[in-house]
Colleague: 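Here it is: the structure, laid out below.
Sequential numbering from 1 along the given sequence is applied to the chain's residues.
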Amino acid sequence: MDLPARPLPAYLVRRYQGWKATDFAENQAWYRRLADEGQRPRAMVISCCDSRVHVTSIFGAEQGEFFIHRNIANLVPPHQPDGRQHGTSAAVEFAVKALKVAHIIVLGHSHCGGVQGCYDMCSGAAPELEEESSFVGRWMDLLRPGFDALPEGDEAERRRALEFAAVMTSLENLMTFPFVAEAVAEERLALHGLWNDIGDGGLCCYMPDAKAFVPV
Ligand SMILES: [Zn+2]
């Protein structure tokens with residue numbers, strides 16, 4: 001069977017050629033060094049796939065600085081060594097064991113469609129996500145306990161609280177990986193929980209003492 005792969009759309013070819021002639025041309029030595037010496041990122045970032053979350057822009061990061069994994073709603077599943085395929089867990093394992101990153105940043109965000117889907121599913125408004133065949137629904141099952149623990153109140157506040165819960169769930173689940181827990185205990189690795197407001201550019205960091213997300 002022929003793979004159904006087509007040539008790149010013209011607008012992307014033009015953009016690529018523009019990058020090659022400018023950014024790349026101006027930093028050729030840096031790219032060569034990255035290629036020859038390999039990557040040594042100090043931090044892993046786990047963020048949502050959402051196109052509005054511009055991980056490298058908000059931290060002014062250069063190539064080689066962040067080891068980035070993105071998935072729906074920036075979720076890390078619990079440690080589950082069952083011999084099956086676990087993309088997120090594989091990325092965490094590689095970051096901690098091979099790259100020996102010093103930081104893992106879980107970056108949540110406002111207006112998260114994945115979190116909203118979870119909210120709708122758990123409140124009965126999205127039955128299609130309850131179907132066994134829904135990859136999004138089964139992935140968002142990771143956040144069901146977060147939904148069940150939401151305080152009563154205003155719906156907009158509850159939805160926001162669930163975005164925070166997605167970050168906290170990931171931090172808790174990260175600690176179920178023995179190699180993460182060990183690196184944290186030995187202070188070789190620090191975990192951070194962040195949440196980015198898409199509309200106003202705000203960034204909040206989870207502070208355990210306050211048990212709250214506090215503006216950076
Ligand atoms: Zn999202």
Colleague: Do Arg144 side-chain atoms and Cys118 backbone N/O form a donor-acceptor pair below 3.5 Å?
Modeller: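 Such a contact is absent between Arg144 side chain and Cys118 backbone.
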Colleague: Is the closest basic N to carboxylate O distance between Asp82 and Arg84 below 4.0 Å?
Modeller: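 Answer for the salt bridge query: no.
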Colleague: Going by atom types alone, do Asn71 and Thr88 pair a side-chain donor with an acceptor below 3.5 Å?
Modeller: yes
Colleague: With side chains defined as the heavy atoms from C-beta onward, is the minimum distance between Asn27 and Tyr31 less than 4.5 Å?
Modeller: yes
Colleague: Tell me if the CZ atom of Arg40 is crowded by more than 12 foreign heavy atoms within 6.0 Å.
Modeller: no
Colleague: Kindly say whether Ile198 contributes a backbone atom to a donor-acceptor pair with the side chain of Asn196 at under 3.5 angstrom?
Modeller: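 Looks like no, no N/O pair under 3.5 Å.
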Colleague: Ser57 and His54: side-chain donor and acceptor closer than 3.5 Å?
Modeller: yes
Colleague: Would Glu155 and Arg159 pass as an ion pair if we require N to O under 4.0 Å?
Modeller: yes
Colleague: Is it true that Trp195 and Phe213 have ring centroids separated by less than 6.0 Å?
Modeller: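 Centroid separation for Trp195 and Phe213: 6.0 Å or greater.
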Colleague: Determine yes or no for a side-chain-to-main-chain donor-acceptor pair under 3.5 angstrom, with Ser47 supplying the side chain and Asn74 the backbone.
Modeller: no
Colleague: Heavy atoms, side chains only, cut-off 4.5 Å: are Leu191 and Val180 in contact?
Modeller: yes
Colleague: Can Arg42 be said to sit on top of Phe67's aromatic six-ring, NZ or CZ under 6.0 Å from centre and within 45° of the ring axis?
Modeller: no
Colleague: Report yes or no: does Ser170 contribute a side-chain atom to a donor-acceptor pair with the main-chain N or O of Ala166 at less than 3.5 Å?
Modeller: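 Yes.
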Colleague: Counting heavy atoms not belonging to Glu187, are there more than 12 under 6.0 Å from its CD?
Modeller: no
